[in-house]
Visitor: 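Here it is: the structure, laid out below.
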Amino acid sequence: SGTFDCFRKTLVGEGVRGLYRGMAAPIIGVTPMFAVCFFGFGLGKRLQQRKPDDVLTYPQLFAAGMLSGVFTTVIMAPGERIKCLLQIQAATGETKYSGPLDCAKQLYREAGIRGVYKGTVLTLMRDVPASGMYFMTYEWLKNILTPEGKSVSDLSVPRILFAGGLAGIFNWAVAIPPDVLKSRFQTAPPGKYPNGFRDVLRELIREEGVASLYKGFTAVMIRAFPANAACFLGFEVAMKFLNWIAPGL
């Protein structure tokens with residue numbers, strides 16, 4: 001009936017391990033995914049700058065963020081597909097996949113590389129605009145939180161955490177509807193949605209209403225703030241460390 005009902009039933013039915021079902025696939029991809037994500041954002045900024053110290057407008061930052069979403073989809077799409085399939089198989093009572101690797105092997109055996117990358121278009125629809133919002137919001141909040149007369153590089157840890165956490169919330173506010181469509185499409189039996197996300201969208205709205213596009217909102221928002229606060233703090237610390245050990249790199 002909701003996030004907390006799902007939490008309780010998962011604990012009762014599967015124990016604490018059930019809360020982490022399907023986690024191996026995204027963990028394997030998370031390090032290269034974030035590396036590519038921040039690289040894509042940096043590249044997007046450089047492509048729009050005439051000089052390295054040019055200050056970009058917020059629409060330009062949004063565009064740079066969208067480029068990072070394109071880059072990460074290559075890594076995200078198969079991991080998301082495997083994660084979703086592993087997460088729902090517990091509810092069906094049928095153990096078809098023994099783990100992420102077995103799931104990937106079976107998907108490839110059944111439908112080739114297209115089976116592994118099923119839902120890529122919806123992943124792009126989720127990550128491209130959401131990443132634009134993510135980075136633009138973070139840069140905007142950093143500017144707002146920077147005391148007058150100081151540089152954004154001097155921001156305190158609590159302010160970086162706050163900016164990163166809110167950026168995560170703005171990111172998911174944009175990403176949830178296409179994420180719901182993506183998850184439904186990626187876990188559907190082959191051939192159920194011949195017209196892709198349009199069939200999924202029509203079915204969802206017809207059977208459950210427009211509000212169904214925000215299913216999981218509470219759970220996502222509970223995760224969004226701390227996860228993204230930690231992400232941006234890690235990025236800022238890593239950049240300061242790298243600039244210290246290799247300032248000219």
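These figures come from a predicted structure and were not determined experimentally. The figures here come from the full heavy-atom set of this structure, side chains too, leaving out hydrogens, waters and symmetry mates.
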Visitor: Can you list everything that forms a side-chain contact (heavy atoms from CB on, under 4.5 Å) with Ser131? Sequence neighbours excluded, please.
Guide: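 Result, side-chain contact (heavy atoms from CB on, under 4.5 Å) vs Ser131: Ser68, Asp127.
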Visitor: In sequence, state the C-alpha distance, the side-chain angles, and the governing distance for Lys142 and Glu236, and then conclude on salt bridge (charged side-chain N to carboxylate O under 4.0 Å, His left out).
Guide: CA-CA 12 Å; Lys142 280 204 306 180; Glu236 297 290 354; 3.3 Å; yes
Visitor: Tell me, with the steps shown, if Tyr134 and Asn228 meet side chain to side chain donor-acceptor pair (under 3.5 Å).
Guide: CA-CA 10 Å; Tyr134 187 52; Asn228 291 285; 2.7 Å; yes
Visitor: Holding to salt bridge (charged side-chain N to carboxylate O under 4.0 Å, His left out), I want the full list of residues that pass it with Lys240, two or more places apart in sequence or in another chain.
Guide: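 If we apply the salt bridge (charged side-chain N to carboxylate O under 4.0 Å, His left out) test to Lys240, skipping adjacent residues, there are no hits.
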Visitor: Knowing that exactly one of Val116, Thr120, Ile113, Leu107 qualifies, which makes a side-chain contact (heavy atoms from CB on, under 4.5 Å) with Pro78?
Guide: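 Of the listed options, the one satisfying the test is Val116.
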Visitor: Would you call Glu14 and Lys9 a salt bridge, using N to O less than 4.0 angstrom?
Guide: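 The answer is no: the pair does not qualify as a salt bridge.
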Visitor: Charged N to carboxylate O under 4.0 angstrom, Glu80 versus Arg126?
Guide: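 Salt bridge present between Glu80 and Arg126.
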Visitor: Does atom CZ of Arg17 have more than 12 heavy-atom neighbours from other groups under 6.0 Å away?
Guide: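 Atom CZ in Arg17 is not packed in, count stays at 12 or less.
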Visitor: Got a sec, which pairs hit side chain to side chain donor-acceptor pair (under 3.5 Å) with one end in residues 38-56, sequence neighbours left out?
Guide: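 Every candidate side chain to side chain donor-acceptor pair (under 3.5 Å) pair involving residues 38-56 fails, so no pair, neighbours aside, qualifies.
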Visitor: Can you label the angle between the Phe232 ring and the Phe38 ring as parallel, tilted or perpendicular, going by 30° and 60°?
Guide: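 It falls in the perpendicular class, over 60°.
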Visitor: Between Lys105 and Glu110, is the closest basic N to carboxylate O distance under 4.0 Å?
Guide: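 Salt bridge between Glu110 and Lys105, a charged N being under 4.0 Å from a carboxylate O: no.
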Visitor: Stepwise, does the side chain to side chain donor-acceptor pair (under 3.5 Å) test hold for Tyr58 with Asn143?
Guide: CA-CA 11 Å; Tyr58 290 120; Asn143 289 334; 3.1 Å; yes
Visitor: If I take atom OG1 from residue Thr137 and atom CG from residue Leu61, how far apart are they, to the nearest 0.5 angstrom?
Guide: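 Rounded to the nearest 0.5 Å, the OG1-CG separation comes to 10.0 Å.
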